[in-house]
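In this text, all values refer to a predicted model and were calculated from it rather than measured experimentally.
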Amino acid sequence: MSKTSTSGVQTRRAQFIDEFRPSHFIPMLTAGIIAGLLNSIAAISYGALIFSGSLSSYAAQGIGLALMSTLISSAIIGFLTSQPGIIGGSQDIPAAIIASMAASITGSLAVGAASQSTYTTIVAMMIITTLLTGACFIALGTFELGSLVRFLPYPVVGGFLAGTGWLLVTGAIGLMANVTPSLAEAAILVRGDVLVRWLPGLLFGMGLLAILIRKPHFAVTPSMIVGGIGVFYLIAWLARVSFEQLSATGWLLGPFPNQQLWQPFNINDLGLVQWSAIGAQIPNIGAIIVLSSVGLLLNITGLEAIAQRDIDLNRELRAAGFANLVGGSLGGYVGYQPIGVSALNLRSGSNSRLIGLIAAGVGGLALLFGPAFLALLPKVIVGGLLLYLGLDLLKEWVYDAFFRLPRAEYAIVIFIMVVIAAVGFLQGVVVGIVATIIIFVIAYSRVDVVRHRLTGEVVQSRVTRSPALRQQLRQLGPRLAIMQLQGFIFFGTADRLLGQVRERINRHDISALRFALLDFQRVTGLDSTGMVSFEKMKHAAEAAGTTIVITDAIPVIRNQMERGGLHANAHVQFFRTLDQGIEWCENILLREENIGQADQPTALVQQLVAIAPDVRELVDLLPYLERCEMAPGTHLIVQGDAPDSLFFIESGQITAQLEYPDREPVRLETMGSGRVVGEIGFYLGQARTASVVADVPSIVYRLSRETLTRMEHESPETASALHRVIVHLLSERLTHMIGTVNALQQ
């Protein structure tokens with residue numbers, strides 16, 4: 001055996017031994033027993049709910065099916081879960097819908113007492129529903145769609161947990177008081193004979209919560225339970241109240257039917273199934289599948305918040321799916337991870353996969369020997385445990401959340417809780433999502449969609465122009481407004497953008513706006529309702545003689561604009577990049593002002609002297625330069641080449657660009673007469689980071705590294721003059737760059 005295998009066996013052995021250490025085993029055993037009791041009680045309730053009224057003669061069999069599916073779900077999910085401590089169990093929402101379907105089938109098949117055919121049809125319906133739900137769970141988990149629930153807003157999850165806490169509290173009080181808590185029944189709860197039934201349980205739950213907050217020891221919960229049961233029976237003994245009297249007066253969980261419960265579905269009974277009645281329930285079966293999928297994911301998301309760690313949603317879906325396939329094949333109900341019982345395990349620190357097996361064992365005892373032993377449990381203890389869990393959730397999401405959540409999000413949590421308490425879980429989650437969306441839309445509409453507001457004074461195209469032309473463009477700069485947009489543009493943000501463009505168009509204290517350039521590089525999407533604002537913007541621009549220039553719009557947004565009526569014309573222009581759009585605007589501004597480059601000097605030495613008039617030694621530079629004539633498309637520098645030369649442009653136009661094998665080149669700078677090319681790599685000795693290509697027929701002068709060395713030896717004054725010109729050009733470029741960066745930071 002290899003060392004790795006030996007180490008793995010030793011690790012598993014150590015983990016197995018650790019399971020049975022008292023500090024681990026006692027809370028695990030207690031948690032498993034409590035979970036099994038609570039799951040069994042829930043299963044009995046759901047079975048009695050479905051097989052009630054005219055179906056009450058089959059209540060025992062119905063309870064047996066519920067217990068069977070619960071123990072299977074507890075064992076399988078408890079073993080396969082990604083978070084030990086989470087177990088499975090029957091669920092209230094599917095049980096409520098199945099009860100409605102059972103009543104509908106009973107009403108459609110017979111009047112009066114239900115027949116064996118009716119019972120068999122209902123069981124067949126449950127089998128089909130459970131198997132389809134299990135298959136759906138497995139499909140969602142296999143295709144890893146469980147993460148869709150991650151898109152649920154945090155306040156919705158908080159409201160779901162707060163609503164769960166409220167229902168646990170009211171359900172626990174109803175269990176102890178033998179009433180259904182409601183506003184109409186609120187007065188009954190404070191009546192003396194009713195108050196004495198639930199107040200001790202409330203004190204028990206509050207005491208357990210207070211102790212666990214101050215000292216979360218593994219022995220607290222089992223000690224409280226055993227002590228509570230002992231105190232209950234001690235008081236009953238002192239008051240000379242018999243067990244029969246306690247049960248008859250509703251102080252205990254019983255009585256339950258004490259007979260053979262589970263009777264497996266007999267395939268020979270298929271002939272008794274009324275398939276048409278099941279076919280009429282297809283919409284309800286679909287509702288169970290959808291609601292169970294949502295409910296499972298919501299439960300797991302809530303348990304993540306309790307466990308304070310991520311849980312593998314897709315694994316939980318597959319575990320629940322497998323449990324439903326096994327349980328459904330035996331006639332069971334839909335089941336998945338219940339938040340109440342699993343949360344109780346996680347709160348107590350019980351994180352063993354054996355909890356599910358222990359809980360299943362408790363359900364198995366009830367299934368095999370009848371649930372009469374459950375009748376020994378006092379309602380005040382069971383209700384007190386439920387109250388503890390409900391109060392813990394309410395403390396976290398009603399009290400603690402008040403101090404840590406923004407007021408709008410906290411209001412959503414409370415709103416969802418109220419809706420869940422008044423109407424139901426699904427309605428609460430739906431209205432919570434709607435409320436969250438509304439608040440998000442309001443908040444997002446207040447976010448400025450304009451990332452940067454610039455003008456042509458500080459941002460210019462990558463066409464390097466003469467100092468005189470750059471000065472002219474700075475003076476004309478206020479006529480070009482540049483707005484770099486961001487995020488998703490919808491009716492709220494688009495209307496705000498429209499107001500900003502209108503405000504700039506209507507300003508009379510500065511030059512009239514000639515171009516409003518909107519850069520869409522960081523825009524992720526455009527809502528169709530936002531197109532109304534852009535249409536209004538186009539009309540405002542036409543009336544003021546302003547042109548709307550749109551750059552970097554992805555094809556989807558461009559097509560959306562064209563479908564909305566925003567076509568390229570005299571007042572609307574589209575360009576692929578921001579740089580191209582700015583260059584086009586600059587050319588129009590210069591042309592409209594009759595500003596050209598005709599007065600530019602043509603000789604290279606004259607151009608350099610114009611850059612640095614005080615450097616007289618430049619006239620001696622020309623003999624050291626090699627004259628080159630460049631045809632359009634010719635590479636002056638190839639990206640990656642060695643930096644062995646720099647170049648001076650006498651005439652024409654040269655573009656530096658990044659070249660890629662799989663897409664179009666990206667322009668870095670377009671240069672004309674009097675500019676230097678390749679000086680940074682030349683001086684730093686670094687390989688060329690970009691290519692340089694002639695756009696038009698051009699004349700350049702080349703200075704090699706060997707020639708520079710010879711110049712520095714033969715004519716140090718000329719070399720110094722050259723260096724001063726290079727420093728001047730680099731400083732000028734750096735100054736412009738700093739101005740642009742400062743503008744972007746405002």
- Note on the structure: Rounded to the nearest 0.5 angstrom, the CE-CG distance for Met206 and Leu387 is 9.5 Å
- Message: Here's one to test your reading of the geometry: is the NZ or CZ of Arg404 within 45 degrees of the ring axis of Trp397 and under 6.0 Å from its centre?
- Response: yes
- Minimum heavy-atom separation for Gly32 to Val362, with atom names? O-CG2, 4.4 Å
- Step by step, would you call Glu304 with Thr301 a side-chain contact (heavy atoms from CB on, under 4.5 Å)? CA-CA 5 Å; Glu304 283 183 326; Thr301 305; 4.2 Å; yes
- Could you tell me whether the side chain of Leu303 reaches within less than 4.5 Å of the side chain of Ile300, counting heavy atoms only? yes
- Message: Regarding Asn39 and Ser74, do their side chains bring together a donor and an acceptor under 3.5 Å, going by distance alone?
- Response: yes
- Message: Counting neighbours of CZ on Phe403 that are heavy atoms of other residues, nucleotides or ligands and sit closer than 6.0 Å, is the number greater than 12?
- Response: yes
- Closest approach of Leu252 to Lys379 (non-hydrogen atoms, all atoms of both residues): O-CE, 3.0 Å
- Query: Are Leu346 and Gln83 close enough, and set up right, to give a side-chain contact (heavy atoms from CB on, under 4.5 Å), and what steps lead you there?
  - Reply: CA-CA 9 Å; Leu346 297 176; Gln83 171 59 56; 3.9 Å; yes
- Min side-chain heavy-atom separation Ile122-Tyr58 under 4.5 Å: no
- Message: Between Gln337 (side chain only) and Glu316 (backbone N and O only), is there a donor and an acceptor less than 3.5 Å apart?
- Response: yes
- Among Leu296, Thr129, Leu132, the one residue meeting side-chain contact (heavy atoms from CB on, under 4.5 Å) with Val334: Thr129
- CG on Leu67 to CG on Leu71, rounded to 0.5 Å: 7.5 Å
- Query: Once the angle between the rings of Phe232 and Trp251 is folded into 0 to 90°, is it parallel (under 30°), tilted (30 to 60°) or perpendicular (over 60°)?
  - Reply: tilted
- List the atom of Asp400, the atom of Glu396, and the distance in Å for their closest heavy-atom pair. CB-O, 3.3 Å
- Item | Flag side-chain contact, heavy atom, 4.5 Å: Leu393 against Met417 | no
- Item | Donor-acceptor under 3.5 Å (Ser247 side chain, Phe243 main chain) | no
- Is a side-chain donor or acceptor of Ser69 paired with a backbone partner of Gly327 at a separation under 3.5 angstrom? no
- Message: With a 3.5 Å distance limit and no angle check, can you tell me whether Ser292 reaches the backbone of Ile288 through a side-chain donor-acceptor pair?
- Response: yes
- For Leu357, what residues pass the side chain to side chain contact (heavy atoms under 4.5 Å, CB included) criterion, not counting sequence neighbours? Ala75, Leu354
- Within 6.0 angstrom of Tyr410 OH, more than 12 heavy atoms from elsewhere: yes
- Roughly how far apart are Ile105 CD1 and Thr118 OG1, rounded to 0.5 Å? 9.0 Å
- How long is the gap from OG1 on Thr130 to OH on Tyr333, to the nearest 0.5 Å? 9.5 Å
- Task: State, yes or no, whether a side-chain contact exists between Leu195 and Trp198 at a heavy-atom distance under 4.5 Å.
- Result: yes
- Task: Measure the shortest side-chain to side-chain distance between Met176 and Leu202 over non-hydrogen atoms and say whether it is less than 4.5 angstrom.
- Result: no
- Message: Using only atom types and a distance under 3.5 Å, with no angle test, would you say the side chain of Arg353 pairs donor to acceptor with the backbone of Phe79?
- Response: yes
- Smallest heavy-atom separation, Ala177 atom then Leu189 atom, equals CB-CD2, 4.1 Å
- Item | Separation between CH2 of Trp237 and CG of Leu234, rounded to the nearest 0.5 Å | 7.5 Å
- Check: Ser242 main-chain N/O paired with Gln245 side-chain donor or acceptor under 3.5 Å: yes
- Item | Heavy-atom side-chain proximity of Ser73 to Tyr336 below 4.5 angstrom | no
- Are any of the side-chain heavy atoms of Tyr233 and Leu246 separated by less than 4.5 Å? yes
- Item | Pairwise side-chain contact, Val398 with Phe402, heavy-atom cut-off 4.5 Å (strictly under) | no
- Note on the structure: CD1 of Ile358 to CG of Leu29, rounded to nearest 0.5 Å, is 5.0 Å
- So, does Asn324 use its side chain to make a donor-acceptor pair with the main chain of Gly134 at under 3.5 Å? no
- Task: Any chance you could lay out the side-chain contact (heavy atoms from CB on, under 4.5 Å) test for Ile72 and Met68, step after step, and finish with the verdict?
- Result: CA-CA 6 Å; Ile72 289 176; Met68 181 276 305; 3.2 Å; yes
- Thr70 and Ser90: side chain donor to acceptor below 3.5 Å: yes
- Ile311 and Ile86: side-chain contact (heavy atoms from CB on, under 4.5 Å), yes or no, with the steps? CA-CA 10 Å; Ile311 297 175; Ile86 293 178; 3.8 Å; yes
- Task: Compare every heavy atom of Leu330 with every heavy atom of Leu65, then report the nearest pair and how far apart it is.
- Result: CD2-O, 4.0 Å
- Nearest non-hydrogen partners of Ile355 and Gly85, listed with the distance: CD1-CA, 4.3 Å
